[in-house]
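The basis for the numbers below is simple: all heavy atoms, side chains too, and nothing from hydrogens, waters or symmetry mates. Chain naming here is simple, since letters A, B, ... match the order of the sequence lines and numbering starts at 1 in each.
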Amino acid sequence: MTKDKAYEPFEVDQRMVAHSNYWAGEMGSRFYITLRDKKKILGVRCTKCNKTFWPPRTTCVFCFSKLDELVEIGPYGTLETFTLVTYSEPVHPRKAPFVYGIVKLDGADTGMAHFIDEVDFNKVHIGMRVKPVFAKEKKGNILDIQYFKPI
Amino acid sequence: MSDRVAIVGIAQSKFSARRPEVNYAEMGYEVIEQVLNNTGLEMQKDIDNSISCSHDIWDGQTISDIGITDVIGGHLRNEEKVAMDGTNMVLYGAIGILSGEFECSLLMAHTKMSQTNRNIVNNDAFDPIYTRILGFDYTSAAALQAKRYMYKYGITQEQCAKVVSKNLANARLNPSAHNMGEYSVGDVLSSPVVASPIHELEIAPDTDGAVAMILASEKKAKEITDNPVWILGFSNCYDAHYLGDRDLADYMSLQKAAQKAYNMAGIKNPRREIDVVELCDAFSYQELLWSEGLGLCGQGEGGRLLDSGATALKGKIPVNPSGGLLSGVPENVAGLNRAAEAYLQVKGEAGEHQVGNVRIAVAQGHSGFCGQHHCVLVLGKE
Ligand SMILES: [Zn+2]
């Protein structure tokens, strides 16, 4: 099917750059402001289902109730899964190798994906207890938690 | 109104790591021209609906079907793009025909992964408020799923690697495949770790290509061919978005989609009634996990199913006789390629990778990281 063609393939170079700002919404705004000003992590509770969600959201995924009861979760948590990433991309906020994990914070029923650091790569394990390290310089995004580290 | 929908023809690219000599439209035209020739149908006279599958960010253009409008006949009639996996366009096309609105629909999926960076493209699939800035892509997210799955059910690295050995050996028999060879478990596990526990050879490679298919109502199908392949069942289902929202070792959305598709097709015992499965092994472990979700074995038994030899080319329920995504199939095209391969198996036209006499074939596709969304199709002879 692929025939020899009597021309030199020509490539058109493109680059798309957009700087976007996303409003975090009612729950997100409260979460980020509390994280920035008080170094506390908020989740949202569904009293009907007796579940606490992170990230905080306005609707329960199980019963579709409107949620408004923000509760403090963590700061300690348990590692549910992890990976050691060996490659680097421009979209990575840090250079490889680094560890991503999903941390279920105490009091929450859903996990938070984030970096795991200050740990021997060979000693990271599921079930490991971790705590957040808060960034000294606040950026107003999820990296205000810099990473989680073993307790 | 049609009671049934049939697949009356397919055409597939020879998949390649790079196709620098064609653009999207030219690549799409290759398979459209071929499927029209194969079926003897005419673009103006016979086709009354066109559906394409591609992805805005992969193509670098919003409303990415703009790139192929003319070759698919989008300037002549209704044309819709399905922005998810190609299995969904089969479901969507079938619904259009069952509704009575259309008689004969042309489907075409295309993607050129070689033209950009998959990790940057897929980073955009993560929500912008909490997750995207962390730099996740489909591979690092899949690694979290693989680790969780292996931990929870004792699936071994060797079992995951064995999927690669099996599929790349099958791929040698598939003329469309571009990634193939004889790889031992040791070869796979000694390829570099990309994101633990996933090794380089366990990741479906970047690929360019397109697949076309024609769906027809029962009446029209019988005019076109003596032995159409019937779409006996279909369904799809979503799961929650955030990585931490679900236990990544589970597969609620696949299970739901499969059960509904099987019910529609009258399949009561999938292990006994399904003759062959083509599923989306974007990463090696996914073949094991999706086998469970499709009900080919119990929960956590995907590794044992593979070890038993049941999913081998000449096993009881061959899985990915084509070589699957590991053999090189583009994202977005993956599901339509699964459906096309399932079609070939039912027709008995899969050539060297034909698994024997196939009465029922199942095709599975997923989109989103860690298989957030699944679609299942059941194809058959009668
Ligand atoms: Zn609830």
Practice task
Give me the ring orientation class for B:Tyr130 and A:Tyr32: parallel if the planes are under 30° apart, tilted from 30 to 60°, perpendicular past 60°.
Solution key: parallel
Practice task
Please look at A:Phe10 and chain B and tell me whether the side chain, the backbone, both or neither of the residue comes under 4.5 angstrom of a heavy atom of that chain.
Solution key: neither
Exercise for the section: Give a yes or no on whether B:Ile63 atom CD1 has more than 12 heavy-atom contacts from other residues, nucleotides or ligands under 6.0 Å away. Expected result: no
Exercise for the section: Anything in residues 43-53 of chain A with a heavy-atom distance to chain B below 4.5 Å? Please list those residues in order. Expected result: none
Exercise for the section: Return yes when atom NZ of B:Lys152 has more than 12 non-hydrogen atoms of other residues, nucleotides or ligands closer than 6.0 Å, and no otherwise. Expected result: yes
Practice task
Name, in order of residue number, those residues of residues 90-102 of chain A that have a heavy atom at a distance of less than 4.5 Å from a heavy atom in chain B; otherwise write 'none'.
Solution key: A:Pro90, A:Val91, A:His92, A:Pro93, A:Tyr100, A:Gly101, A:Ile102
Fill in the blank from the handout: Interface check, chain A: of B:Ile129, B:Leu144, B:Thr139, B:Leu248, most non-hydrogen pairs under 4.5 Å belong to B:Leu144
Problem - Which of B:Arg132, B:Gln145, B:Arg148 touches chain A most, by non-hydrogen pairs under 4.5 Å - result: B:Arg148
Practice task
Under 4.5 Å heavy-atom distance to chain A, tell me which part of B:Asp245 shows up: side chain, backbone, both or neither.
Solution key: both
Practice task
Look only at the side chain of A:Thr86 and the backbone of B:Val193, and say whether a donor-acceptor pair between them is shorter than 3.5 Å.
Solution key: yes
Practice task
Count the heavy-atom pairs under 4.5 Å between each of B:Leu134, B:Ile120, B:Leu243, B:Asp247 and chain A, then report the option with the highest count.
Solution key: B:Leu134
Practice task
Using a heavy-atom cutoff of under 4.5 Å, enumerate the residues of residues 129-142 of chain A that contact chain B, numbered in order, or state 'none'.
Solution key: A:Asn141, A:Ile142
Handout entry: Toward chain B, the part of A:Glu80 with a non-hydrogen atom under 4.5 Å
Key = both
Fill in the blank from the handout: Interface check, chain A: of B:Asp127, B:Asn117, B:Thr131, most non-hydrogen pairs under 4.5 Å belong to B:Asn117
Exercise for the section: Using heavy atoms and a sub-4.5 Å threshold, report which of residues 54-73 of chain A line up against chain B, by residue number. Expected result: A:Trp54, A:Pro55, A:Pro56, A:Arg57
